[in-house]
Enquirer: 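To start, I am sharing the structure in question, which I have written as structure tokens.
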Amino acid sequence: MTTVAAEYEHMDIQQQYQDSVNNRWEEEWDNENSSARLFERSRIKALADEREAVQKKTFTKWVNSHLSRVSCRITDLYMDLRDGRMLIKLLEVLSGERLPKPTKGRMRIHCLENVDKALQFLKEQRVHLENMGSHDIVDGNHRLTLGLIWTIILRFQIQDISVETEDNKEKRSAKDALLLWCQMKTAGYPNVNIHNFTTSWRDGMAFNALIHKHRPDLIDFDKLKKSNAHHNLQNAFNLAEQHLGLTKLLDPEDHPDEKSVITYVVTYYHYFSKMKALKVEGKRIGKVLDNAIETEKMIEKYESLASDLLEWIEQTIIILNNRKFANSLVGVQQQLQAFNTYRTVEKPPKFTEKGNLEVLLFTIQSKMRANNQKVYMPREGKLISDINKAWERLEKAEHERELALRTELIRQEKLEQLARRFDRKAAMRETWLSENQRLVSQDNFGFDLQAVEAATKKHEAIETDITAYEERVQAVVAVARELETENYHDIKRIAARKDNVLRLWEYLLELLKARRQRLEMNLGLQRVFQEMLYIMDWMDEMKMLLLSQDYGKHLLGVEDLLQKHALVEADIGIQADRVKAVNANAQKLAVDDEGKKSYKPCDPQVIRDRVAHMEFCYQELTQLAVERRARLEESRRLWKFFWEMAEEEGWIREKEQILSSDDCGKDLTGAVRLLSQHRALEDEMSGRAGHLQHTVREGQAMADAGHFGEDKIRERIADIQAQWAALEQLAAVRKKRLEEACSLHQFQADADDVDTWTLDALRIVSTADVGHDEFSTQALVKKHKDASAEVASYRSVIDALHEQAQSLPPEQVQAANVNERLAGIEERYKEVSELSRLRKQALQDALALYKMFSEADACEHWIDEKELWLNSMEIPEKLEDLEVIQHRFESLEPEMNNQASRVAVVNQIARQLIHSGHPSEKDIKAQQDKLNTRQVIAFCAGDKCIFKFCCIINIIFLMLKGTTNCIVISACLQEGKQLVSEKPETEAVVKEKLAALQKMWTELETTTQTKAQCLFDANKAELFTQSCADLDKWLVGLEGQIQSDDYGKDLTSMLENQVEVRQREVEELQSQAHVLRQEGKDTDEVDGRRKEVELKFKELLEPLQKRKDFLMASREIHQFNRDMEDEILWVEERMPIATSTDHGHNLQTVQLLMKKNQTLQKEIQGHQPRCDDIFERSQSILKADSPNVEAIQARLSDLQQLWSLIIQETEKRHARLEEAHKAQQYYFDAAEAEAWMSEQELYMMSEEKAKDEQSSVAMLKKHQILEQAVEDYAETVHQLSKTSRGLVAANHPERYRTHLTTGKTVGAPGAWSKRVVPILLMSNGRGHKVQ
């Protein structure tokens, strides 16, 4: 074992030495040419990768060749050995020992435990494993995995190889022993020189020599050529796999290294070593078999003779069963003679041979019984009984052949008789057909309709005879068809004569058809000529009617003639179609076919002449019809004119009777009704006038046109016009009379309405009700106002009545007493107007009285309220309460003025009522005196203290406002003077009160000026002190806030500063201090307080500005941190989606995940500008001296890493999803292919059989379509196989599952032949069954 390890290390050292030489060579090359160096390096790397790939493939196949014993297999050497399970099974197979049971589980710790178990077993077998641990195998280290397999191969396959030479008994190493064994086995073979395990094997001659040495029957070594290395390798590998059972570890396209070649050659060594032992055993068995050779030869002879006899019997039966006889009487007779020769010459020797076979079989069986061997029994089909059965079938075939020949002979005799009968009938038919052809070729039709019709009947009789003869012709054809059906030998002659009969028959039919056409043309021509004669006779009759001079004696007669003429015109129109049809038919017969010799029953010019004559006659008839219609229309116009004139004359006479009536109506309704009827009559006359004028114009036009009734027309027109003028004059007179009657009746009705209204108005304005209070009186005033307006508006109605009376005729005015009626209406209207005026005055007086009482009560009520308030009011001690009282007194003054105005209004109303002599004059006077007395008492005789208090309040507030105005006192004095002037009786009381008030005002003004000034000065100082204290307190708080290190933890702690507001307050302190200095109020203290406040404020301005700057910077940092944290949070929320390993389990979910990932990528693109903005802002923030620079840099770095990571992860996930999409698309297509093939297999296994020939043909067509579908689907399956190999070659993550799926369908090697080829074979087999 140490030697093997040392050898493996020696091989590694040699490889390292070769690599170092290559490295030195590469360094020299690098100095010369850098591009060549890069090419060589890439080439070396490609060769190394190729060598590793070949080693991996070789070792994988070697491992699978041993794992196949336990029904296991690996697909990837690096991946499938990682869990250690397959490694343990491989060692168990190679060593034949039981290793510890593998640990269950797929975790890394479980894999490491299983690999450790395998490596520990190798160490127990004294296998040296240097620099190799279980973690290398679990991690899939390519180099160490290959080294481990090579070590196992050395230990279990190569270590035990030893070759003893004839010169000495020295044992060589395993590698050298294997090389020596190969050299010994291939010695003497041309072009084979094995001195290593690399180049000596590339041409394939060495492999073929080894196989030929041990199995020369498999290879013709002399035909191999050293130059065709690929063929040599392919031949050796295929023979070793197919005939020797050696796994094909290498492929001809590979460039294997030494280890791969050794691994493959070792399999040859082990196989041929076993074969040598088996060869010795074969010689021993051969001796035993020699004893049975002689018996076998006899058996072979028996089987050969039996086979030949059976073959002759079967062939003879086939010949005898052939029913294809000669198609003539002589030929059938010759075949019958040949059959008799077979029975007498060919058959007897075969009967003798059959007896010899029975004797030979008896001899073989007797010999084998003598040699104590198992008695030979011929296999099924070659028994003596089988031969006898075949002989019986032969004799049966002979009998059936004889019967068939005799039957065919009888059939041929019958055909000859039938052919003779055909010739006889055909001759008779040909004679009859020729005679009838001459008959129908003659044209003797006649020259009139009766002769042509007779010829037509004769021709129909000929057609009937010929049609009846068709059955005889068909009888000849039937005989010919029967001969053709029976396959008569001289059928060509029969067919030619049958065709001749049919040709003569068809020619006769053509002649008959042509004669029928000529006869029909003649018949048609004669019918056209007959129709022309009928039409010409009819047109002559119509001419006689159209030339009549009867145009009617009256309107109805003319109308009747017009209707008859319309019928004639309709007949003429109908005959037009008939004429056109006849002409068209005639023109068809008269057409000259240029260049054609067609049959013409008559000269075309004769037909054209007749057609032209008939058209001329028809045009003449049409012209006569038009002329007669015109004359009838003129007659109808004349008689219609006379009829309309008679109708107008009757209407005029009827209306004259109506207009001559004297009835003008007894009342307005009757007069209006008659006038309406007259207007309707006028409207009717207007409508009638238009119609009359139209009729007159028509008559005038006829007269002017020289109508034959011109004189009568003009006379009738003059008479009607005179009657119409008289009717219009009579209508005008009647209208005037009716209008006058209506006017008179309308006047009387209007006068009655005025009288009725006057009575109603008198009743309203003569009432004495003036109301009981102000509200009711106002309602009566409003109602009376409407009545007064109605009275005033009725003046126009009376004036219209006067105008209406003036328009009446004088005689009607006198007859109806119109003037007396108007005088009475005027008198009553004046009375109503006067009563309305008096009631209006009474209502106004009552309303003024009630209004005065109401105002007086309101004034007294207000005086009572104010007296109560003044009496109960106390003098306040506080300035604030004084302000309240002052406001109340300010509002009291306007109220007093308003009340004074209201009292003045009451006095004015009272004076007016008294002056007008109101009935309640005493009550008015008493109420006026009472109100004036209350007013004086309230305004002038108030309590002295109340007046003094009011004056003090006004003086104090007026002085506080900087004014010496005495508005209230002046108002009181003015009111007193006005009261004295208005009420002289109150002069003494008013003057006393005013004198007392003036004295009190003077004292109050003197005493309160000083007090008000003191209060104002005290208030100003207090306000100044309070302002300084507030500012000082704010400055202290601001100073503490400025000295604080708290710049805000977030954006919510940033506050608005109010420095500008406080600065304005400091400036106001200066103006207040200036005022206090002018007043001489403790100037030093005021200036000290002010300067102290100003100094503190100025000292805080600079720190305040710095703090403001710090706060702005802090706000910027907090805003940046918030934005950065938001982005980090956004990225972290979407990171699980980007790093998700869920790639879907079917095609639909993969497509959905791809859409979601695309959405995430779009969101990332949308957030890219925000991240770029954060990175840009971070530059300015990091440049500033911020205390949190390190934390910001750390979070900024986290954001950059997360942002780059999420972009990378989304791209990776997109790539993974693309791969998953390809895999799932492949799985989907593979599943469809699997389902389709399963369906076809089920159909192929069906044992359905056809019931008859038709269903068999249908099934055959259906199966052919299916076969074509299978062949077409092969391309789809091959495309799936190509896709699978592409996924596996690209190391797709799903390549193992893809490989397994493809192995089930189409992708794995040989899977197509395992799945599709059986379907094709089953299809072919089913096709044969169907056929």
Side-chain angles (χ1 to χ4, degrees), residues 292-368 374-412 487 1247 1249-1253 1255-1257 1259-1260 1263 1321-1331:
I293 292 175
E294 185 177 358
T295 305
E296 284 293 329
K297 289 180 180 180
M298 295 176 69
I299 293 173
E300 289 177 359
K301 182 180 179 181
Y302 169 80
E303 291 182 351
S304 177
L305 292 175
S307 299
D308 293 341
L309 180 59
L310 290 172
E311 184 178 358
W312 176 86
I313 293 172
E314 295 297 333
Q315 291 179 355
T316 306
I317 290 173
I318 292 173
I319 294 172
L320 294 174
N321 288 334
N322 185 10
R323 296 296 182 264
K324 188 175 182 181
F325 304 120
N327 193 17
S328 64
L329 182 60
V330 177
V332 173
Q333 291 174 352
Q334 292 176 355
Q335 288 179 342
L336 182 59
Q337 185 178 0
F339 175 72
N340 293 330
T341 302
Y342 152 76
R343 296 183 70 175
T344 58
V345 177
E346 186 178 357
K347 181 180 178 182
K350 293 297 181 181
F351 183 77
T352 303
E353 186 178 345
K354 173 176 168 292
N356 294 334
L357 275 175
E358 294 178 358
V359 174
L360 179 59
L361 177 60
F362 177 77
T363 302
I364 292 170
Q365 292 177 347
S366 299
K367 187 176 181 179
M368 293 181 73
K374 185 178 179 180
V375 178
Y376 166 72
M377 289 297 294
R379 65 176 181 271
E380 188 69 25
K382 293 185 178 181
L383 295 172
I384 298 298
S385 59
D386 296 331
I387 296 173
N388 292 331
K389 291 179 181 178
W391 192 264
E392 291 175 358
R393 288 191 291 109
L394 176 64
E395 291 180 345
K396 183 179 179 181
E398 289 178 6
H399 178 67
E400 293 175 352
R401 174 74 172 179
E402 182 179 7
L403 293 177
L405 284 171
R406 296 189 182 280
T407 302
E408 181 65 19
L409 182 62
I410 295 171
R411 190 180 73 86
Q412 290 294 336
N487 196 14
E1247 295 296 330
K1249 296 181 180 179
K1251 297 181 180 179
D1252 50 19
E1253 182 180 358
S1255 59
S1256 299
V1257 172
M1259 290 181 65
L1260 182 60
H1263 187 78
L1321 294 175
M1322 293 171 67
S1323 176
N1324 293 332
R1326 182 172 175 80
H1328 290 308
K1329 291 180 181 180
V1330 173
Q1331 291 177 354

Enquirer: OG1/Thr363 to NZ/Lys301 distance, rounded to the nearest 0.5 angstrom?
Expert: 9.5 Å
Enquirer: If you round to the nearest 0.5 Å, how far is CD of Gln315 from CD of Glu311?
Expert: 4.5 Å
Enquirer: Does anything in residues 343-367 pair up under ring pair (Phe, Tyr, Trp, His ring centres under 6.0 Å), and if so which pairs, sequence neighbours excluded?
Expert: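 Qualifying pairs: Phe351-Trp391.
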Enquirer: Give a yes or no answer on whether the side chain of Gln365 reaches the backbone of Tyr376 with a donor-acceptor pair at less than 3.5 Å.
Expert: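 Such a contact is found between Gln365 side chain and Tyr376 backbone.
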Enquirer: Quick check for you: to the nearest 0.5 Å, what is the distance between Asn487 atom CG and Arg411 atom CZ?
Expert: 7.0 Å
Enquirer: Of all the heavy-atom pairs spanning Asn321 and Ala397, show the shortest one and how long it is.
Expert: OD1-CB, 3.8 Å
Enquirer: Which heavy atom in Glu408 sits nearest to a heavy atom in Val332, and how many Å separate them?
Expert: CG-CG2, 3.5 Å
Enquirer: Show your reasoning for whether side-chain hydrogen bond (donor to acceptor under 3.5 Å, both in side chains) applies to Gln337 and Gln333.
Expert: CA-CA 6 Å; Gln337 185 178 0; Gln333 291 174 352; over 6 Å; no
Enquirer: Given side chains that start at C-beta, do those of Glu400 and Arg323 come closer than 4.5 Å, heavy atoms only?
Expert: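 The answer is yes; the side chains approach within 4.5 Å.
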Enquirer: Could Lys389 and Glu392 be called an ion pair, given the rule that one side-chain N must be under 4.0 Å from one carboxylate O?
Expert: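 Between Glu392 and Lys389 there is no salt bridge, as every charged N stays at least 4.0 Å from the carboxylate O atoms.
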Enquirer: Search all heavy atoms of Gly381 against all heavy atoms of Asp386 and return the closest pair with its distance.
Expert: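 Heavy atoms of Gly381 and Asp386 come nearest at N-OD2, 2.7 Å.
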Enquirer: Do Pro378 and Glu303 touch side chain to side chain, with heavy atoms closer than 4.5 Å?
Expert: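 A side-chain contact is absent here, since even the closest heavy-atom pair is not under 4.5 Å.
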Enquirer: Going from OH on Tyr302 to CD1 on Ile384, what distance comes out if it is rounded to the nearest 0.5 angstrom?
Expert: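 Interatomic distance, Tyr302 OH to Ile384 CD1, rounded to 0.5 Å: 3.5 Å.
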Enquirer: I'd like to check Lys354 versus Asn388 (side-chain heavy atoms, cut-off strictly below 4.5 Å). Are they in contact?
Expert: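 Touching, per the 4.5 Å side-chain cut-off.
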Enquirer: Would you check if the side chain of Asn340 reaches a backbone N or O of Leu336 as a donor-acceptor pair within less than 3.5 Å?
Expert: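 Pair found, side chain donor or acceptor close to backbone of Leu336.
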Enquirer: Which value, rounded to the nearest 0.5 Å, describes the distance between Leu320 atom CG and Leu405 atom CG?
Expert: 9.5 Å
Enquirer: Within this structure, what is the CZ-CG distance for the pair Arg401 and Leu394, rounded to the nearest 0.5 Å?
Expert: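 Those atoms lie 13.0 Å apart.
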Enquirer: Does Lys347, at its NZ atom, have more than 12 non-hydrogen atoms belonging to other residues, nucleotides or ligands within less than 6.0 Å?
Expert: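 It does: Lys347 NZ has more than 12 such atoms within range.
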Enquirer: Can Glu402 and Arg406 be counted as an ion pair, charged N to O under 4.0 angstrom?
Expert: yes
Enquirer: Closest approach of Ile387 and Ala306, non-hydrogen atoms and distance?
Expert: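 Ile387 and Ala306 have their closest heavy atoms at CD1-CB, 4.1 Å.
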Enquirer: Give the minimum heavy-atom separation between Pro348 and Arg343, together with the two atoms involved.
Expert: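 Minimum heavy-atom contact is CD-O, 3.9 Å.
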